[in-house]
Amino acid sequence: MTLLVVGASGFLGAEVCRQAVATGERVVGTYHSNAVGMAGVEARRLDVTDRAAVRDLIARVRPTVVIGTPYRFGDWAVTADGAAHIAYAAAEAGARLVHISSDAVHAGRSEPYGDDEPPSPIFPYGAAKAAAETAVRAIDPAAALVRTSLILGERSKQIQLCRDALAGRAALFTDELRCPIDVVDLAGAVLELAGTDYTGPINVAGPDAVSRAELGLLVARREGLDPTVMKTTTGAEAGVLRPTDVRLDSARAVGLLRTRLRGVRELLAA
């Protein structure tokens, strides 16, 4: 099998590549600015906003599976248009597509979101991810759309934000509930889905819903840091318009996949 990971220099993309290489697959990974330096990965520079370049690369690589992970916060052309270009080229080449989406497509509410619920974005990034989903589903109805949450791991932005808050350099919101997932678990689930015929959206997130402030406390306990100096705030106080309570019900993924989706409390156990 030939696997093409679009966005291989990113946090999730790099882990997908690592796991795929470990199983002996041919792996081609794209990057835009930061080159891919992983052994066993054939690196290709790609601008996903260039439709012709995307089509040309996929036609030359002829992948069996395409994993689409690229995004740039605040950049519609990368997040939405880029996803459409990838979907078009993958369908044209007859490749299986797994598109990575986000819980940001939802507005937030007191009940968890199921897999098949339509997007209801309330801020620009969520709107871009929702537009990406719409384009992918229209272009390639056979694609799988993975809706995930905060991605954790040693080099994750989420963990570093917690460390910054515990050092007084940033503030964590007390009113944003999410279902964090470890990057290793998410990458394993994505690769499993690539080998199935699952179509449409599927939630792949951890079972524990925590606020960013609660996440910070878990990091403090694991790393032996003083939690009393951690700075917190709310979205309203910070003037930020983002969804508050967005919990993903991942029961379908748990029943379908062998990969265990661990909760954040297990992941960050002291």
Side-chain angles (χ1 to χ4, degrees), residues 7 10-19 22 69 71 73 100-104 106 108 110-113 125 146-193 202-235 237-238 240 242-255 257-270:
F11 187 48
L12 173 59
E15 180 60 24
V16 170
C17 287
R18 187 193 68 79
Q19 292 189 25
T69 73
Y71 82 96
F73 197 87
I100 307 303
S101 189
S102 167
D103 58 7
H106 296 305
S110 58
E111 299 85 24
Y113 285 91
Y125 176 65
V146 174
R147 290 174 176 167
T148 193
S149 190
L150 304 182
I151 305 176
L152 304 184
E154 187 54 37
R155 296 186 301 106
S156 76
K157 295 178 181 178
Q158 309 303 332
I159 297 296
Q160 187 56 51
L161 179 61
C162 291
R163 290 171 177 154
D164 289 344
L166 288 160
R169 296 189 297 266
L172 299 174
F173 291 155
T174 59
D175 60 345
E176 283 192 1
L177 287 176
R178 298 293 187 271
C179 295
I181 184 169
D182 187 77
V183 67
V184 174
D185 299 349
L186 179 56
V190 166
L191 287 169
E192 265 200 81
L193 281 167
I202 184 168
N203 294 334
V204 182
D208 299 338
V210 296
S211 70
R212 291 177 184 269
E214 288 173 308
L215 180 60
L217 293 175
L218 290 170
V219 171
R221 185 178 66 180
R222 186 190 68 169
E223 301 188 358
L225 302 174
D226 182 2
T228 64
V229 300
M230 186 177 75
K231 297 176 66 175
T232 63
T233 187
T234 66
E237 291 170 347
V240 174
R242 282 199 310 225
T244 51
D245 188 344
V246 183
R247 288 169 289 161
L248 299 180
D249 180 350
S250 299
R252 182 182 294 175
V254 169
L257 305 174
R258 297 185 306 275
T259 300
R260 192 164 72 89
L261 308 179
R262 294 169 291 171
V264 64
R265 292 184 177 87
E266 177 184 349
L267 290 168
L268 297 180

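Residue numbers run from 1 in the order of the sequence given.
- In this structure, the separation between OG on Ser211 and CG on Leu217 is 7.5 Å, given to the nearest 0.5 Å.
- At a threshold of 4.5 Å between non-hydrogen side-chain atoms, the residues Val204 and Val190 do not count as touching.
- Taken to the nearest 0.5 Å, the OG1 atom of Thr148 stands 7.5 Å off from the CG atom of Asp103.
- Ala189 approaches Thr259 most closely through the heavy-atom pair N-OG1, 3.7 Å.
- Listed for the Asp182 side chain is no donor-acceptor partner under 3.5 Å among the backbone atoms of Arg262.
- The line from CG of Leu257 to CG of Asp185 is 11.0 Å long, rounded to the nearest 0.5 Å.
- Counting heavy atoms from C-beta on, the side chains of Leu150 and Arg212 come closer than 4.5 Å.
- Paired with Leu166 under the rule side chain to side chain contact (heavy atoms under 4.5 Å, CB included), one option of Glu223, Lys231, Met230 passes, and it is Met230.
- Applying the ring-ring contact (aromatic ring centres under 6.0 Å, His included) test to Phe173 and every residue at least two apart in sequence or in another chain returns nothing.
- Nearest heavy-atom pair, Thr69 versus Gly7, reported as atom, atom and distance to 0.1 Å: OG1-O, 3.2 Å.
- With contacts defined as side-chain heavy-atom distances shorter than 4.5 Å, the pair Gln158/Ile151 does not qualify.
- Legend: residues meeting salt bridge (Lys or Arg N to Asp or Glu O under 4.0 Å) with Glu192, ordered by chain and number and at least two apart, are Arg258.
- Under 3.5 Å, the side chains of Thr244 and Asp175 contain no donor-acceptor pair of N or O atoms.
- Pairing each heavy atom of Phe11 with each of Gly153, the nearest pair is CZ-CA, 3.8 Å.
- For the atom pair CG of Leu218 and CZ of Arg265, the computed distance is 6.5 Å after rounding to the nearest 0.5 Å.
- Looking at heavy atoms from C-beta onward, Pro243 lies in side-chain contact with Arg178 at the 4.5 angstrom threshold.
- Of the inter-residue distances, the one linking His106 atom NE2 with Asp245 atom CG reads 12.0 Å to the nearest 0.5 angstrom.
- Closest approach of Pro207 to Leu261, counting heavy atoms only: CD-O, 3.4 Å.
- The minimum heavy-atom distance between Asp208 and Pro180, with the atom names listed, is O-CD, 3.5 Å.
- Between Ser102 and Tyr125 the shortest heavy-atom distance is OG-CE2, 4.2 Å.
- In this structure, SG in Cys162 is found 3.5 Å from CG in Leu215, a value given to the nearest 0.5 Å.
- A salt bridge is defined here as a Lys NZ or Arg NE, NH1 or NH2 lying under 4.0 Å from an Asp or Glu carboxylate O, and Arg163 with Glu154 meets this definition.
- Salt bridge status for Asp249 with Arg247: absent, with no side-chain N to carboxylate O gap under 4.0 Å.
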